[in-house]
There are 4 protein chains.
Amino acid sequence: MFFHVDPTDGLAIYDQVVRQVKFSVARGAIRPGNLVPSVRELARELAINPNTVARAYQQLQTDGVLQTVRGMGLEVAPGAVKHCRQQRQQLIQARLRQTLAEAKRSGLDDEELRGLIDKELSDVVRDER
Amino acid sequence: MFFHVDPTDGLAIYDQVVRQVKFSVARGAIRPGNLVPSVRELARELAINPNTVARAYQQLQTDGVLQTVRGMGLEVAPGAVKHCRQQRQQLIQARLRQTLAEAKRSGLDDEELRGLIDKELSDVVRDER
Amino acid sequence: MFFHVDPTDGLAIYDQVVRQVKFSVARGAIRPGNLVPSVRELARELAINPNTVARAYQQLQTDGVLQTVRGMGLEVAPGAVKHCRQQRQQLIQARLRQTLAEAKRSGLDDEELRGLIDKELSDVVRDER
Amino acid sequence: MFFHVDPTDGLAIYDQVVRQVKFSVARGAIRPGNLVPSVRELARELAINPNTVARAYQQLQTDGVLQTVRGMGLEVAPGAVKHCRQQRQQLIQARLRQTLAEAKRSGLDDEELRGLIDKELSDVVRDER
DNA sequence: GTGGTCTAGACCACC
DNA sequence: GTGGTCTAGACCACG
């Protein structure tokens, strides 16, 4: 599927799952009406506990991104795309702000920081392939 | 002083303190032989629990950045500058990598992401003044 | 304390706890700034699992009724009273409606139903003493 | 038919079906010897899964309310009326007790509670028409 | 098979 | 001590 989990990320695992589901909806990888992977399936795939996935999915229901289809699983809610697009922007921006703020405060000069950003950006693009 | 703490950052508070002390040494804001603020003073300043500061200072001693001066407190260790410079690069880079990797995976197109980065970079510079 | 749990109630236990905390705030038994019983303490008192209490408390944080005081526990949030008063009315009313609707549909004649209601109401008042 | 299902009720759907069949027998809407709707028919009517109806019917057989008629389906058992009348009283009373007990504990004053009960009772009667 | 709930017990960060 | 998170495994309701 489209999900990754990084235990060294600092963010709670369930929160990483929440973000990634939102991002997947935001970019159209999962559409309203589509079923998301079952709790057990995604847990197996990510090698984490089903309860952790369940917790993420429950949060996503509270946020109105997912809704239950009885006995079938969980599907992306009708109005979720717009909400997820907004959230994507906000979540990414907030994290970016914190990261860059710390980087700047660390005393790296602007050139070094720019260099690091460009390096990591191109690495990220390369890894993507 | 030069320290900030952001409870919304995701990073543990004690870890933020550890990083900031290292960064302060890296950029020369505190020099080998300088005393760092006392546990109580820094705790008061950051409005956090003294135990949290104490834990950060303990970690910094373990890392060889600080050392005790009998009856005086904690000072920056002689060889700390080089170590902190290396760590600065590594710590910032690692965090940047995670942040950008998530941003990229979120499906934002490159232009938007670049735009966000530039925006936040300039905000960060502006806030600094 | 002020909390009860009835495993035969049909409602999930964590949901019963959520409702009772809201009701306690609504009637002023716990006030903004007051700490609620700790997860472990309430779990012990109600003879349920701490995770179940934690889940209820987490829901209450999501609902803005509780907020964490780091290392101290959870306190009632400043604006919670008004919210809880509204919720109390809604939650009680919804449940009352369902109960009475079923009772009416069951075919009991109005007299019998009235009689049952009065009987149970007075029992409830008596148990209270 | 005479059956309703409310997914927001809190009670399990199969239990709602069980109760309603009992209530229908209690008030004489279905009489001993009458066939109840087939599993498939009732499932279609209530827009629920046939397995859910089947489970309810199985429970009703265990309770002695329904019995199989070879090749025909399920009929109301001879002695069911008396049993269902008793159960109706008990089931309604138990639920009423829980609902009113919670309402009372919530701290609503007696007047408000009485007001809510009267309001919902008259609503229920009105909806019936 | 699905999600929802509960229990039990672990480790962590923070006070 | 506190809450937050995670794991492991159970049972239930529903399809």
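Letters go in sequence order (proteins before strands), and every chain restarts at 1. The model shown is predicted, which means the values in this text are computed figures rather than measured ones.
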Next on the checklist: If only side-chain N and O atoms count, and only distance matters, is there a donor-acceptor pair under 3.5 Å linking D:Gln98 with C:Thr8?
Outcome noted: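 The answer is yes; a qualifying pair exists.
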Checklist entry - With a 3.5 Å cut-off and no angle check, do the side chains of D:Asp9 and D:Gln16 form a donor-acceptor pair? => result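 The criterion, which ignores hydrogens and geometry beyond distance, is not satisfied for D:Gln16 and D:Asp9.
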Which whole-number value in Å describes the distance from [X] [atom1] to [N] [atom2]?
{"X": "A:Arg70", "N": "E:dG1", "atom1": "CZ", "atom2": "C1'", "answer": "16 Å"}
{"X": "C:Leu42", "N": "F:dG1", "atom1": "CG", "atom2": "C1'", "answer": "17 Å"}
{"X": "C:Arg44", "N": "E:dA8", "atom1": "CZ", "atom2": "P", "answer": "15 Å"}
{"X": "A:Leu74", "N": "E:dG3", "atom1": "CG", "atom2": "C1'", "answer": "6 Å"}
{"X": "B:Gln59", "N": "E:dC14", "atom1": "CD", "atom2": "P", "answer": "12 Å"}
{"X": "B:Asn49", "N": "F:dG3", "atom1": "CG", "atom2": "P", "answer": "16 Å"}
{"X": "D:Gln58", "N": "F:dC12", "atom1": "CD", "atom2": "P", "answer": "15 Å"}
{"X": "C:Asn51", "N": "E:dC11", "atom1": "CG", "atom2": "P", "answer": "15 Å"}

With respect to the phosphate group of [N], does any side-chain polar atom (N or O) of [X] fall under 4.0 Å of OP1 or OP2?
{"X": "C:Thr68", "N": "F:dG3", "result": "no"}
{"X": "C:Gln61", "N": "F:dG4", "result": "yes"}
{"X": "B:Thr52", "N": "E:dC15", "result": "yes"}

Of the candidate nucleotides [options], which contains the atom at the shortest distance from the side chain of [X]?
{"X": "B:Tyr14", "options": "E:dG4, E:dC14, E:dT7", "value": "E:dC14"}
{"X": "B:Ala12", "options": "E:dT7, E:dA13, E:dC15", "value": "E:dA13"}
{"X": "B:Arg55", "options": "F:dG4, E:dA13, E:dG3", "value": "E:dA13"}

Checklist entry - With sugar-phosphate meaning primed atoms plus P, OP1 and OP2, does B:Gln16 contact a base, only sugar-phosphate, or nothing at under 4.0 Å between heavy atoms? => result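 Result for B:Gln16 = nothing.
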Next on the checklist: Tell me which nucleotide, if any, is Watson-Crick or G-U wobble paired with E:dG3 when both distances must be under 3.5 Å.
Outcome noted: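 Paired with F:dC12.
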Checklist entry - More than 12 non-hydrogen atoms from neighbouring residues, nucleotides or ligands closer than 6.0 Å to CD on D:Gln93, yes or no? => result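 Yes.
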Checklist entry - For D:Gln58, does the CD atom have more than 12 heavy-atom neighbours from other residues, nucleotides or ligands under 6.0 Å away? => result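 Atom CD in D:Gln58 is not packed in, count stays at 12 or less.
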Item to check | Most 5' of A:Ser38 and A:Ala54 on DNA chain E, judged by nearest nucleotide | outcome: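 Its nearest nucleotide being more 5', the pick is A:Ser38.
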Item to check | Any side-chain heavy-atom pair of A:Leu42 and A:Val17 under 4.5 Å | outcome: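 Yes, side chains in contact.
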Checklist entry - 5'-most contact on DNA chain F: C:Gly73 or A:Ile48, nearest heavy atom basis? => result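 Its nucleotide being nearer the 5' end, the pick is C:Gly73.
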Checklist entry - Relative to the 5' end of DNA chain F, which residue comes earlier, C:Tyr57 or A:Asp15, by the nucleotide with the nearest heavy atom? => result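 Residue closer to the 5' terminus by nearest nucleotide: C:Tyr57.
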Next on the checklist: If you go through the side-chain atoms of C:Arg40, does one of them form a donor-acceptor pair with the base of F:dG3 closer than 3.5 Å?
Outcome noted: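 Under the 3.5 Å cut-off, the side chain and the base do form a donor-acceptor pair.
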